There are 2 protein chains.
Amino acid sequence: MRDLARAVNLQGGSLYAHIDSKEELLFELVNRAAARFIAMAEAVPPTLTIRERLERLVEGHLEVIAEELGSATVFFHEWKFLSPALQAKVKALRDRYQAYWLEVIGEGVRRGELEVEDVHTATLFVLSALNWTYQWYRPGGRLSLEGLSRQYAQLILAALRAK
Amino acid sequence: MRDLARAVNLQGGSLYAHIDSKEELLFELVNRAAARFIAMAEAVPPTLTIRERLERLVEGHLEVIAEELGSATVFFHEWKFLSPALQAKVKALRDRYQAYWLEVIGEGVRRGELEVEDVHTATLFVLSALNWTYQWYRPGGRLSLEGLSRQYAQLILAALRAK
DNA sequence: CAAGGTGCCTAACAAACGTTCGGAAGAACC
DNA sequence: GGTTCTTCCGAACGTTTGTTAGGCACCTTG
């Protein structure tokens with residue numbers, strides 16, 4: 001907390017004029033990150049083809065991670081340290097986001113545009129590959145965000161056997 | 001440290017009859033996990049087909065994660081908190097493991113059995129998908145380890161456009 | 001101008017942290 | 001049989017942790 005305070009030019013105790021607890025702060029951060037993922041996903045028009053929707057989702061997901069690498073790291077790691085009540089709230093958002101992906105992939109399979117053995121496992125596979133990028137992707141690195149998005153979309157569409 | 005001590009029926013201070021520091025303990029754990037991944041990979045006979053080698057690597061990777069979910073979690077998260085010197089040692093092992101995967105995938109591409117735009121990105125993609133499983137896979141869950149391995153191998157081979 | 005509110009400080013709190021130390025009890029070795 | 005070694009305890013150390021409290025300076029509002 002004293003580190004956070006210093007980062008905004010305050011003394012440790014002064015933070016508590018603005019927040020109630022460290023946990024509230026953590027929740028706020030994690031919650032905002034989750035909300036960004038959902039907002040991104042729900043902004044993708046369902047009228048597009050499955051392929052296009054997936055491409056947009058991949059790009060959007062990687063964009064959110066890239067734009068706030070710091071928050072993303074906290075988002076993926078520290079939500080476990082929230083109280084059960086707050087943890088449940090975050091989990092609800094996460095599930096909603098995952099359900100969105102599942103829905104898109106499921107719809108693709110139903111239309112015969114994708115082909116996977118199990119939609120649930122396939123969804124987890126895709127999100128796993130995307131989530132882990134926060135571990136190694138660094139803006140300004142060898143790979144641009146656009147390049148990464150394009151290649152990842154390609155790999156994911158191939159994995160889902162897109163026609 | 002007091003928690004760790006209690007887990008082996010000792011008092012906090014008594015641990016220090018056996019170890020030098022908390023960091024040494026963390027390094028030991030992280031190092032062993034890394035070694036397990038490498039040992040698994042290097043036990044896969046290079047005489048097999050590319051497809052078989054990848055299937056074995058996928059299964060092996062998921063097995064290591066599943067067998068020590070706790071260690072895996074620490075391995076993936078806490079290595080960042082080691083001193084630069086120890087961090088470098090771990091990083092060397094991790095790079096060696098990644099290089100092994102890169103070599104197999106690269107060889108597959110060279111032989112025309114796989115087809116990817118960039119071998120390096122494809123390797124990161126595959127390892128990303130595999131690594132993240134520690135976040136959600138739980139033994140005894142909906143999906144058996146065998147089922148998961150088989151499906152993941154299938155998804156990965158499709159992503160790499162295996163012939 | 002008085003009154004209240006806001007924003008921040010310094011100081012302190014209790015608890016938890018990693019670690020050290022002296023000593024006690026038992027096992028192993030000459 | 002005495003000595004050394006090992007294993008562990010209990011207590012303490014200095015630091016860091018999240019958080020609270022009292023007070024000062026400033027701004028806003030009646």
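Since the structure is predicted, the reported quantities are computational estimates derived from the model, not experimental observations. Each chain gets a letter, A, B and so on, in the order its sequence line appears, and its residues count up from 1.
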Transitive ILVMFWY side-chain link B:Phe75 to B:Trp136, under 4.5 Å: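 Looking at the clustering, B:Trp136 is in the same group as B:Phe75.
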
Quickly work out the A:Leu15 CG to C:dC9 C1' distance and round it to whole Å. 13 Å

Lys/Arg-Asp/Glu bridge criterion (N-O < 4.0 Å) met for A:Glu63, A:Arg56: no

Do NZ/NE/NH1/NH2 and the carboxylate oxygens of B:Arg142 and A:Asp118 come within less than 4.0 Å?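 Salt bridge: yes.
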
According to a strict under-4.0 Å criterion, is B:His18 in side-chain N/O contact with OP1 or OP2 of D:dT6?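 Answer is no, no contact under 4.0 Å.
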
Quick one, [X] and [Y] - any side-chain contact, counting heavy atoms below 4.5 Å?
X        : Y        : value
B:Val90  : B:Phe27  : yes
B:Leu26  : B:Trp79  : no
B:Val126 : A:Leu155 : no

In Å and rounded to the nearest 0.5 Å, what is the OG1 to CD distance from A:Thr73 to A:Glu68? 10.5 Å

Pull out every residue in residues 77-87 of chain A that has a heavy atom closer than 4.0 Å to any atom of DNA chain C, ordered by number, or say none.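 DNA chain C contact set from residues 77-87 of chain A: none.
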
Contact pattern, 5' to 3', of nucleotides 10-21 of chain C - B, S or - by protein heavy atom under 4.0 Å: B-B----BBBB-

Just say parallel, tilted or perpendicular for the rings of A:Phe37 and A:His61, cut-offs at 30° and 60°.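 Answer is tilted, since the angle falls between 30° and 60°.
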
